[in-house]
Amino acid sequence: MEIKRDQYLNRLINRMHNGFIKVITGIRRSGKSYLMNTIFYDHLISSGVNEDHIILFAFDSAEDLIKIGEDPLKFDNDHANEKVDPKKFLLYINDQIKDKDDYYLLLDEVQNLGAFEAVLNGFLRKHNLDVYVTGSNSKFLSKDILTEFEGRGDEIHVLPLSFSEFAAFYSGTSEEAFDEYMIYGGLPAVALMKTDEQKSNYLITQLTNIYLKDIINRYNLQSDKAISDLLDVVASGISSLTNPRKLSAAFASVKQEKISPNTVDKYIEHMEEAFMLTRVKRYDCYAAN
């Protein structure tokens with residue numbers, strides 16, 4: 001079943017050939033790769049772009065790695081810090097460009113490429129290359145990723161499905177769709193699952209093995225317990241006014257553990273950087289008076 005993401009497709013279309021690297025960011029499993037490799041790719045084809053002028057490459061694909069002479073076994077869990085040789089990748093890309101017509105370069109999981117910042121900035125000097133990238137590790141998910149491209153990155157931030165996007169393909173009533181959305185949220189993979197058990201297990205796995213693990217690794221935290229417990233406390237008070245001091249007190253009351261307001265503020269900032277939380281500041285309608 002195809003899930004339409006028209007607002008994000010239009011943002012990509014509006015940025016075509018703008019001289020920037022189009023950087024698709026967002027929390028893991030929010031649909032970044034699908035947006036680029038399926039929805040945007042289909043748009044290019046329907047717009048008359050020849051297939052051989054659209055270069056797709058996924059740095060987590062064994063098939064693609066073999067194309068450039070890399071051994072996929074180098075990049076398994078036992079060699080997590082290994083990077084794809086940029087020389088091999090550049091030779092492959094240069095071989096794909098046969099003429100001076102426009103080419104579209106769609107790169108998935110680009111953080112697995114060695115010196116990817118320098119490689120991508122180099123592509124900007126090729127006037128017939130229009131570059132789009134996604135990534136999923138803690139560094140690439142960070143809000144400050146655009147600084148890696150020396151001010152020449154153009155961000156398209158992808159959120160999980162909105163309710164209107166979810167309801168557009170939901171087979172039940174609007175009330176049923178809303179109940180489902182409120183319980184399980186808008187991750188596209190969850191929206192397509194059939195049973196409550198599948199959905200719950202998937203969300204738990206993503207939270208513990210992916211989202212929190214990214215933060216632990218990036219900031220060299222000792223464990224995920226404190227930040228996981230803090231996330232529970234924050235999530236239980238969504239839409240309520242709060243601050244690090246109040247959260248520290250709530251943490252002590254609910255979890256029976258002490259965590260300083262400074263640490264609370266630091267952990268919240270980490271979760272914001274990974275797009276797990278969004279800080280909404282209070283708006284005072286009398287502030288302008």
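- In this structure S236 satisfies the side chain to side chain contact (heavy atoms under 4.5 Å, CB included) test with no other residue, sequence neighbours excluded.
- Listed by chain and number, the residues in a side chain to side chain contact (heavy atoms under 4.5 Å, CB included) with D42 are T38 (sequence neighbours excluded).
- Ring planes of H53 and Y103: parallel class, angle under 30° (limits at 30 and 60°).
- Rounding to the nearest 0.5 Å gives a distance of 9.5 Å between CG of L90 and CD1 of I68.
- Side chain of N128 to main chain of D99: a donor-acceptor pair is present (N/O by atom type, distance under 3.5 Å, no hydrogens or angles).
- Of the residues Y92, Y104, F116, the one that meets the ring-ring contact (aromatic ring centres under 6.0 Å, His included) test with F57 is Y92.
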Evaluate Q206 against V190 for side-chain contact (heavy atoms from CB on, under 4.5 Å), listing each step before the verdict. CA-CA 11 Å; Q206 294 304 303; V190 176; over 6 Å; no
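- Among all heavy-atom pairs drawn from I210 and R28, the shortest one is CG2-CD, 2.5 Å.
- In this view, R245 satisfies the side-chain hydrogen bond (donor to acceptor under 3.5 Å, both in side chains) rule with no residue, not counting sequence neighbours.
- For the atom pair CG of L124 and NZ of K126, the computed distance is 11.5 Å after rounding to the nearest 0.5 Å.
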From CA spacing to verdict: side-chain contact (heavy atoms from CB on, under 4.5 Å), V119, V110: CA-CA 10 Å; V119 172; V110 75; over 6 Å; no
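- Partners of D108 under the salt bridge (Lys or Arg N to Asp or Glu O under 4.0 Å) rule, at least two apart in sequence or in another chain, do not exist in this structure.
- For the pair K22 (side chain) and L12 (backbone), a donor-acceptor distance under 3.5 Å is absent.
- Nearest heavy-atom pair across I27 and K32 is O-NZ, 3.3 Å.
- In this structure the side chain of L231 reaches within 4.5 angstrom of the side chain of L277, judged on heavy atoms.
- Relative ring orientation between F178 and F163 is described as perpendicular, the plane-to-plane angle rising above 60° on a 0-90° scale split at 30° and 60°.
- The salt bridge (Lys or Arg N to Asp or Glu O under 4.0 Å) check on E70 picks up K74, K88, with sequence neighbours excluded.
- When all heavy atoms are compared, the tightest approach of G153 to F20 is N-CD2, 3.9 Å.
- For the pair D265 (side chain) and P261 (backbone), a donor-acceptor distance under 3.5 Å is absent.
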Apply side-chain contact (heavy atoms from CB on, under 4.5 Å) to the pair I13 and L9, showing each step before the final yes or no. CA-CA 6 Å; I13 293 171; L9 173 60; 3.8 Å; yes
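- Following chains of ILVMFWY side-chain contacts shorter than 4.5 Å, one can reach Y170 starting from M182, so the two form part of one hydrophobic cluster.
- A distance of 11.5 Å separates CG of D179 from OH of Y184, quoted to the nearest 0.5 Å.
- For the residue pair P160 and S30, the shortest heavy atom distance occurs at N-CB, 4.1 Å.
- Nearest approach of P86 to G114, heavy atoms of both residues: CB-O, 3.4 Å.
- N201 meets the side chain to side chain contact (heavy atoms under 4.5 Å, CB included) test with E197; sequence neighbours excluded.
- Summarising the geometry, atom OH belonging to Y267 is positioned 15.5 Å from atom CD belonging to E272; distances are rounded to the nearest 0.5 Å.
- Taking K4 as the reference, nothing meets the salt bridge (Lys or Arg N to Asp or Glu O under 4.0 Å) condition, with sequence neighbours excluded.
- Hydrophobic clustering places Y8 together with I45 (ILVMFWY residues linked when any side-chain heavy atoms are closer than 4.5 Å, directly or through intermediates).
- Under a 3.5 Å cut-off, the side chain of R15 and the backbone N or O of R11 do form a donor-acceptor pair.
- Within the 4.5 Å cutoff, the side chain of E269 has no heavy atoms near those of the Y219 side chain.
- Rounding to the nearest 0.5 angstrom, the gap separating the OG atom in S61 from the CG atom in N112 is 11.5 Å.
- Partners of D52 under the salt bridge (Lys or Arg N to Asp or Glu O under 4.0 Å) rule, at least two apart in sequence or in another chain, do not exist in this structure.
- Contact check for L120 versus V23: no side-chain heavy atoms found under the 4.5 Å cut-off.
- Y41 is linked by a side-chain hydrogen bond (donor to acceptor under 3.5 Å, both in side chains) to nothing, counting only residues two or more places apart in sequence or in another chain.
- When hydrophobic clusters are built by joining Ile, Leu, Val, Met, Phe, Trp and Tyr residues whose side-chain heavy atoms come closer than 4.5 Å, directly or via intermediates, L56 is not grouped with I66.
- Taking every heavy atom of both residues into account, K98 and D95 meet most closely at NZ-O, 2.8 Å.
- Hydrophobic clustering keeps L113 apart from L91 (ILVMFWY residues linked when any side-chain heavy atoms are closer than 4.5 Å, directly or through intermediates).
- If you chain together hydrophobic residues whose side chains sit under 4.5 Å apart, I204 and Y202 never meet in one group.
- Distance alone, capped at 3.5 Å, is enough to place a donor-acceptor pair between the Y181 side chain and the L161 backbone.
- A search for side chain to side chain contact (heavy atoms under 4.5 Å, CB included) contacts involving I93 returns I55, F89, I97, L105, F123, not counting sequence neighbours.
- A 6.0 Å sphere centred on NZ of K213 holds no more than 12 heavy atoms belonging to other residues, nucleotides or ligands.
- I268 CD1 to T263 OG1: the interatomic distance, rounded to the nearest 0.5 Å, is 11.0 Å.
- A search for side-chain hydrogen bond (donor to acceptor under 3.5 Å, both in side chains) contacts involving T242 returns nothing, not counting sequence neighbours.
- For D229, the side-chain hydrogen bond (donor to acceptor under 3.5 Å, both in side chains) test picks out K225, with sequence neighbours left out.
- Under the 3.5 Å distance criterion, with hydrogens and angles disregarded, a donor-acceptor pair is assigned to the side chains of D130 and Y132.
- Note: H43 and F40 have parallel aromatic rings, judged against thresholds of 30 and 60 degrees for the angle between ring planes.
- In this structure, the side chains of I183 and D196 stay at 4.5 Å or more apart for every pair of heavy atoms.
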